[in-house]
Undergrad: 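Pasting a structure here, questions to come.
One-based numbering, in listed order, for ligands and for the atoms of each. Below, all heavy atoms of this structure are taken into account, side chains as well, without hydrogens, waters or symmetry copies.
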Amino acid sequence: EVILEVKDLGKTYDSPQGQTTALRNIEFKVHRREFVCVIGPSGCGKSTLIRILAGLESHTAGEVLLDGKPVEGPGPDRGMVFQGYTLFPWLSVKQNVMFGPEMNGRGKLEAEREALQWIDLVGLSKFVDAYPHQLSGGMKQRVAIARALANQPRILLMDEPFGALDAQTRCKMQAHLLEIWKNIDITVFFITHDLDEAIFLADRILVLKAHPGEVQEIIEVPVPRP
Ligand code: ADP
Ligand code: ADP
């Protein structure tokens, strides 16, 4: 079952200095329950790609289909986790995770019940009433993952989520994310510039290649999971 299909995708930015082609001829499919990583050097268009998938950026060529429907703007069918901790600092862990379900029309009790389950899944049951500033970097990213999953998205879009963590925490979080991924029905699309991280996590790695100039290519590499 194909969840995400990207067809001949292109993105050219216009700026006063001229045009920058960030993505060209990008084609790939992501299947349900796959863990796909995207790697590539700085400036090759990784963030542009994931922002387009998230609906936070428009594309200038091609198509992005989620469950066969063109992506237009952000939606609860895509959960996002960024490198920076984008938690609401004035809300507790529980309130941060409840926020999405409540916005999507769940009653307060139902949203709370679901939030507690997601918080349990990421191992933070003891911290439901803590505030973000009381948590370590790894713990904050766990909350961010719980919050993204709480909307029950079709796909989890992660943009260098562990990039700001120290090496040891990063390692723990990689293992933790794989555990979560194995236990629930979720498809993951994960950007990193770290090949080791991609090899550890991914079923499939898309390699974005920076040519001289701004032209990009994409190569699919099958990787056996360790
Ligand atoms: P990566 O995430 O792989 O580092 P980006 O997607 O951030 O790559 O950038 C790809 C290219 O697009 C770069 O040449 C960058 O300078 C350019 N770019 C990114 N965002 C913008 C923007 N808002 N306006 C103009 N050019 C941009
Ligand atoms: P992580 O790998 O999730 O970032 P840490 O290595 O920072 O976790 O912390 C390991 C454990 O120590 C956590 O699971 C938590 O139980 C506890 N801990 C970390 N930071 C705090 C804190 N600010 N307050 C209370 N307990 C903490």
Side-chain angles (χ1 to χ4, degrees), residues 3-30 34-66 70-75 77-87 137 140-141 144-145 148 153 155-167 169-170 173-174 177 187-223:
I3 285 206
L4 179 68
E5 186 168 6
V6 172
K7 290 186 191 170
D8 199 20
L9 184 72
K11 173 69 179 179
T12 300
Y13 290 104
D14 278 318
S15 71
Q17 290 75 38
Q19 294 193 325
T20 307
T21 297
L23 296 170
R24 211 184 73 165
N25 305 133
I26 305 290
E27 292 233 0
F28 62 89
K29 289 177 186 171
V30 178
E34 252 187 323
F35 199 126
V36 174
C37 282
V38 179
I39 61 165
S42 182
C44 75
K46 301 184 294 297
S47 295
T48 299
L49 175 59
I50 206 161
R51 288 172 54 78
I52 291 171
L53 300 184
L56 298 172
E57 185 84 70
S58 62
H59 50 283
T60 50
E63 272 192 299
V64 177
L65 302 175
L66 186 69
V71 156
E72 278 162 27
D77 51 1
R78 283 148 290 150
M80 289 287 299
V81 180
F82 301 97
Q83 178 172 328
Y85 317 110
T86 47
L87 303 176
K140 278 186 266 202
Q141 281 310 58
I145 292 168
I155 189 165
L156 193 56
L157 303 173
M158 309 185 82
D159 190 357
E160 305 231 16
F162 309 144
L165 304 175
D166 62 83
T169 305
R170 192 181 170 100
M173 288 301 295
Q174 289 166 356
L177 178 61
T187 307
V188 183
F189 189 83
F190 187 107
I191 289 194
T192 178
H193 60 259
D194 178 355
L195 180 60
D196 290 335
E197 182 165 73
I199 289 172
F200 180 70
L201 292 172
D203 291 315
R204 220 145 49 94
I205 301 177
L206 308 182
V207 184
L208 289 187
K209 201 170 172 179
H211 291 288
E214 301 88 14
V215 181
Q216 313 298 316
E217 255 179 47
I218 198 156
I219 305 164
E220 302 199 21
V221 187
V223 178

Undergrad: Non-hydrogen atoms of S15 versus ligand 1: any pair closer than 4.0 Å?
TA: no
Undergrad: Does the side chain to side chain contact (heavy atoms under 4.5 Å, CB included) test come out yes or no for I39 and E197, once each step is laid out?
TA: CA-CA 10 Å; I39 61 165; E197 182 165 73; over 6 Å; no
Undergrad: Under 4.0 Å from a heavy atom of P41: give me the atoms of ligand 1 that qualify, with their elements.
TA: 3 (O)
Undergrad: How far apart are the C-alpha atoms of T169 and Q141, what are their side-chain angles, what is the distance that settles it, and do they pass the side chain to side chain contact (heavy atoms under 4.5 Å, CB included) test?
TA: CA-CA 10 Å; T169 305; Q141 281 310 58; over 6 Å; no
Undergrad: Do you know which two heavy atoms are closest between G55 and R78, and how far apart they sit?
TA: N-NH1, 3.6 Å
Undergrad: Just to be sure I read this right, does ligand 1 sit under 4.0 Å from the backbone of C44, its side chain, both, or neither, counting only heavy atoms?
TA: both
Undergrad: By number and element, which atoms of ligand 1 are closer than 4.0 Å to a non-hydrogen atom of T20?
TA: 14 (O)
Undergrad: In Å and rounded to the nearest 0.5 Å, what is the CZ to OG1 distance from R170 to T192?
TA: 5.5 Å
Undergrad: Where does the angle between the aromatic ring planes of F35 and F190 fall among parallel (under 30°), tilted (30 to 60°) and perpendicular (over 60°)?
TA: tilted
Undergrad: Report yes if some heavy atom in the side chain of F189 is under 4.5 Å from a heavy atom in the side chain of L49; otherwise report no.
TA: yes
Undergrad: Only heavy atoms of A22, strictly under 4.0 Å: list the atoms of ligand 1 that pass.
TA: 10 (C), 11 (C), 12 (O)
Undergrad: Judging by distance only, is a nitrogen or oxygen of G45 under 3.5 angstrom from one on ligand 1?
TA: yes
Undergrad: Return a yes/no value for K46: is any of its N or O atoms, backbone included, closer than 3.5 angstrom to an N or O of ligand 1?
TA: yes
Undergrad: How does T48 reach ligand 1, if at all, at less than 4.0 Å between non-hydrogen atoms: by side chain, backbone, both, or neither?
TA: both
